[in-house]
There are 2 protein chains.
Amino acid sequence: MQKQYTLSRNQKIIFDLIDKSRGPMKAYSILFNVQKKGIKAPLQVYRALDKLVEIGKIHKIESRNAFIACQNSSCQISKATAFSICESCEDVSEISNTKLSKYLSNFADSSGMKYSKYNLEFFGLCKKCKSK
Amino acid sequence: MQKQYTLSRNQKIIFDLIDKSRGPMKAYSILFNVQKKGIKAPLQVYRALDKLVEIGKIHKIESRNAFIACQNSSCQISKATAFSICESCEDVSEISNTKLSKYLSNFADSSGMKYSKYNLEFFGLCKKCKSK
DNA sequence: CATGTAAATGTTATATTATTACATAGTGTT
DNA sequence: AACACTATGTAATAATATAACATTTACATG
């Protein structure tokens with residue numbers, strides 16, 4: 001169960017935009033889209049994004065510098081994320097596979113590292129693009 | 001076995017620098033370090049980096065926008081990468097764990113996606129930083 | 001060895017992504 | 001009211017990455 005959190009004005013505007021978007025959104029594309037609502041500066045966007053990532057409402061797709069709404073209601077607050085990314089159409093979807101997340105959460109290598117978080121990005125061709 | 005590839009002048013200069021570095025290096029830090037060797041512009045660095053990534057001599061740490069030499073002689077040419085990243089000292093090491101790479105290479109989710117590549121980044125505290 | 005072609009290089013300018021620094025305002029305690 | 005904490009506003013700038021164009025090098029093959 002995800003902890004409830006009251007979003008502030010800017011956080012809500014930006015989350016709603018990302019949530020409604022069909023795919024991941026980039027920071028400056030978000031900025032252009034919310035300027036009519038009074039959010040004028042990059043920093044205002046980045047601050048909201050940081051907070052939204054922190055509380056797990058959105059995730060950052062690191063390889064794309066883009067942000068996507070969390071599609072997984074039982075998400076462990078961004079501590080364990082996995083995505084599949086189509087290299088042709090750039091469609092991104094969040095993978096919620098219990099076996100995978102258990103496997104990775106329990107993964108321990110020989111380095112003596114204690115992991116608190118992971119991010120996994122798969123790349124390939126989505127169904128649509130594959131059949132083209 | 002990794003395919004042999006003759007590096008060009010710039011590629012060699014930049015690879016050697018990254019290979020000798022203790023940790024991941026950022027593009028502009030690379031640039032500053034090779035200016036005395038005649039590589040003056042960002043694009044020259046990025047072109048070499050792109051090629052080196054493509055042939056698997058280095059990897060990009062996406063969450064850090066930094067580059068590290070491949071530490072795994074049997075590396076599948078950057079198609080399957082995993083790293084552990086210390087969030088305190090920013091030390092990064094490449095994970096070469098056969099079970100993990102097999103597990104991920106064989107992973108198939110319900111989306112019908114065909115994966116050709118993945119990148120996994122684990123975050124936590126390394127041994128040293130944990131004991132501080 | 002000339003010629004074609006792919007890869008690499010050099011250079012300038014510019015686009016994109018992200019943060020620093022500083023001032024102000026709102027929100028919820030106690 | 002006083003306090004702490006979070007969020008906001010604004011300007012400037014830093015850091016990361018690519019576009020566009022001209023030239024050169026490497027090397028296979030006719």
Side-chain angles (χ1 to χ4, degrees), chain A residues 3-18 21 23-68 77 85 87 90 92 119 121, chain B residues 3-18 21 23-68 77 85 87 90 92 119 121:
Chain A
K3 187 193 157 195
Q4 272 313 320
Y5 188 94
T6 308
L7 299 184
S8 72
R9 194 188 103 92
N10 288 1
Q11 289 161 12
K12 187 162 177 4
I13 290 170
I14 287 171
F15 174 73
D16 285 346
L17 178 67
I18 297 172
S21 158
M25 292 195 75
K26 304 196 141 218
Y28 277 70
S29 147
I30 292 168
L31 177 58
F32 297 142
N33 274 280
V34 297
Q35 276 177 332
K36 48 183 177 288
K37 304 220 172 182
I39 297 175
K40 293 176 203 155
L43 188 49
Q44 294 175 290
V45 172
Y46 280 104
R47 281 198 285 226
L49 290 174
D50 284 351
K51 190 70 190 183
L52 290 168
V53 166
E54 186 193 325
I55 63 177
K57 297 283 288 181
I58 64 173
H59 303 302
K60 181 170 187 180
I61 311 300
E62 292 287 356
S63 65
R64 298 299 186 257
N65 299 317
F67 300 84
I68 193 174
I77 311 197
I85 302 169
E87 289 185 296
E90 292 295 326
V92 173
N119 179 56
E121 298 180 6
Chain B
K3 188 193 157 196
Q4 271 315 319
Y5 188 92
T6 308
L7 300 185
S8 72
R9 194 188 103 93
N10 288 1
Q11 288 160 14
K12 187 160 177 7
I13 290 170
I14 286 170
F15 173 72
D16 286 347
L17 178 66
I18 297 173
S21 158
M25 292 194 75
K26 304 197 142 220
Y28 276 72
S29 147
I30 292 169
L31 177 58
F32 298 142
N33 274 281
V34 297
Q35 276 177 330
K36 48 182 176 290
K37 304 220 172 182
I39 298 175
K40 293 176 202 153
L43 191 49
Q44 294 175 288
V45 172
Y46 280 104
R47 281 197 287 224
L49 290 174
D50 284 352
K51 191 70 190 184
L52 291 168
V53 166
E54 185 193 326
I55 64 178
K57 299 282 287 180
I58 65 172
H59 304 302
K60 181 172 188 182
I61 312 299
E62 292 289 355
S63 64
R64 300 298 186 258
N65 298 317
F67 300 85
I68 192 172
I77 311 194
I85 301 169
E87 290 185 297
E90 291 295 327
V92 173
N119 178 57
E121 299 181 6

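Order of the sequence lines sets the chain letters (A, B, ...), proteins ahead of strands, with each chain counted from 1. Excluded from the calculations below are hydrogen atoms, water molecules and symmetry mates; all remaining heavy atoms, backbone and side chain alike, are included. What you see is a predicted model, and the numbers here were worked out from it, not measured in a lab.
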- Hey, which of these two, A/Pro42 or A/Arg47, hits DNA chain D nearer its 5' end, going by closest nucleotide? A/Arg47
- To the nearest 10 degrees, the angle between the two end axes of the helix from C/dC1-D/dG30 to C/dT30-D/dA1 (five pairs per end) comes to 30°
- Task: Look at the side-chain N and O atoms of B/Gln44 and state whether any lies under 4.0 Å from the OP1 or OP2 oxygen of C/dT9.
- Result: no
- Message: What is the distance, to the nearest angstrom, from the CG atom on B/Leu7 to the C1' atom on C/dT9?
- Response: 15 Å
- Given atom CG of B/Leu52 and atom P of C/dA7, what is their separation to the nearest angstrom? 15 Å
- Task: For B/Tyr28 and for B/Ser8, locate the closest nucleotide of DNA chain C by heavy-atom distance; then report the residue assigned to the nucleotide nearer the 5' terminus.
- Result: B/Ser8
- Message: Ignoring hydrogens, what is the shortest heavy-atom contact between B/Leu17 and B/Met25? Give both atom names and the distance.
- Response: CG-SD, 3.8 Å
- Looking at every strand, decide which applies to A/Arg9 at a 4.0 Å heavy-atom threshold: base, sugar-phosphate, or nothing. sugar-phosphate
- Do the side-chain N or O atoms of B/Lys40 get closer than 4.0 angstrom to the phosphate oxygens (OP1, OP2) of C/dG10? no
- Can you name the closest pair of heavy atoms from A/Lys60 and A/Val53 and give their distance? N-CG2, 4.4 Å
- Message: Between C1' on C/dA7 and CD1 on B/Ile55, what's the gap in Å once rounded to a whole number?
- Response: 13 Å
- Across the strands shown, which category fits A/Lys60 at heavy-atom distances under 4.0 angstrom: base, sugar-phosphate, nothing? sugar-phosphate
- Query: What's the spacing between B/Asn33 CG and B/Ile18 CD1 if we round to 0.5 Å?
  - Reply: 10.5 Å
- Check for a donor-acceptor pair, side chain of B/Lys37 on one end and backbone N or O of B/Ile14 on the other, with a separation under 3.5 Å. no
- Between NZ of A/Lys26 and P of C/dA15 the distance, given in whole Å, is 15 Å
- From A/Asp50 atom CG to A/Phe67 atom CZ, the distance as rounded to the nearest 0.5 Å: 7.5 Å
- Rounded to whole angstroms, how far apart are CG on A/Leu43 and C1' on C/dA21? 10 Å
- Message: Rounded to whole Å, how long is the line connecting atom CZ of A/Phe32 with atom C1' of C/dA15?
- Response: 10 Å
- Item | Spacing of B/Lys57 atom NZ and B/Lys51 atom NZ [to the nearest 0.5 Å] | 13.5 Å
- Query: Given C/dA8, is OP1 or OP2 found less than 4.0 Å from the side-chain N or O atoms of B/Gln11?
  - Reply: yes
- Item | B/Gln44 CD to B/Ile13 CD1 distance, which is reported to the nearest 0.5 Å | 9.5 Å
- Between B/Glu62 and B/Glu121 the two heavy atoms that sit nearest each other are N-OE2, 2.9 Å
- Message: Using whole Å, what does the distance between atom P of nucleotide C/dT20 and atom OH of A/Tyr46 come to?
- Response: 13 Å
- Separation of B/Ser63 OG from B/Ile85 CD1 (nearest 0.5 Å): 3.5 Å
- Rounding to a whole Å, what distance do you find between B/Asn65:CG and C/dA18:C1'? 10 Å
- Message: Please identify the 5'-most and 3'-most nucleotides of DNA chain D with any atom under 4.0 angstrom from a heavy atom of chain B.
- Response: D/dT16 to D/dA20
- Query: Atom CG in A/Leu49, atom CD1 in A/Ile58: separation rounded to 0.5 Å?
  - Reply: 4.5 Å
